[in-house]
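Structure first, then comments.
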Amino acid sequence: MLRTREPQWPDDALTRRNYHRYLREYRLAARYALGYGFFIFSADYRRLMGAVNLTQIRRGAAQMGTLGYWLGEEFQGQGYMREAVALICDFAFSELALHRLEAACMSDNVASQTVLTANGFAHEGRAKNYLQINGQWVDHELFGQGSEDWTA
């Protein structure tokens, strides 16, 4: 299922080496306050369920970042991502003092749109051919939320 929602990954994307590179990149981004990546694990920490990321943090006049996330198919529809997005919004607005968060999802991804609106994001428009997903340029719905609208 996720393949229809993801870019085409290189052949080595799921290797241990690439995973360690991914972790190094997120540690470096966090060190410079440019982005933060969080995994979502089952309560017993035995299963990786998904991830939520805050990337492209811009300071200065913008004070904003971009939200991204994914969740394994068997964990969808159970409120996990709604809670994870709420936690990262609280982190972004309360701890990082960002003013705005942005997110985009494919136009047919109703579940993702529901997660965003449940967390106070407003639909702001459609971006044509926004990202290349599974080898095809795909329209995305754009959502945003300001810190003044956030309630933890």
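None of these values were measured; they are calculated from a predicted model.
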**Asked** Hey, any chance Met64 and Phe143 share a hydrophobic cluster, counting ILVMFWY side chains that come within less than 4.5 Å of each other, even indirectly?
**Response** no
**Asked** Would you say Gln78 and Met49 make side-chain contact, with heavy atoms under 4.5 Å?
**Response** no
**Message:** Heavy-atom count check: over 12 atoms from other residues, nucleotides or ligands less than 6.0 Å from Glu148 CD?
**Reply:** yes
**Request:** Would you mind reporting whether Ser42 and Phe75 have side-chain heavy atoms less than 4.5 Å apart?
**Result:** no
**Message:** Taking Tyr26 as the starting point, is it possible to reach Leu34 by hopping between hydrophobic residues whose side chains are less than 4.5 Å apart?
**Reply:** no
**Any donor-acceptor N/O pair, His123 side chain to Gly125 backbone, under 3.5 Å** = yes
**Prompt:** Does any non-hydrogen side-chain atom of Phe41 lie less than 4.5 Å from one of Leu48?
**Reply:** yes
**Message:** Starting from Tyr45, can I reach Leu23 by hopping between I/L/V/M/F/W/Y residues whose side chains sit under 4.5 Å apart?
**Reply:** yes
**Message:** For a 4.5 angstrom cut-off between non-hydrogen side-chain atoms, does Arg21 reach Glu25?
**Reply:** yes
**Prompt:** Which heavy atom of Leu98 sits nearest a heavy atom of Phe93, and at what distance?
**Reply:** O-CD2, 3.2 Å
**Message:** Would you say Tyr36 ends up clustered with Trp150 if hydrophobic residues are merged whenever their side chains have heavy atoms under 4.5 Å apart, either directly or through other cluster members?
**Reply:** yes
**Check: Ile57 main-chain N/O paired with Arg59 side-chain donor or acceptor under 3.5 Å** = no
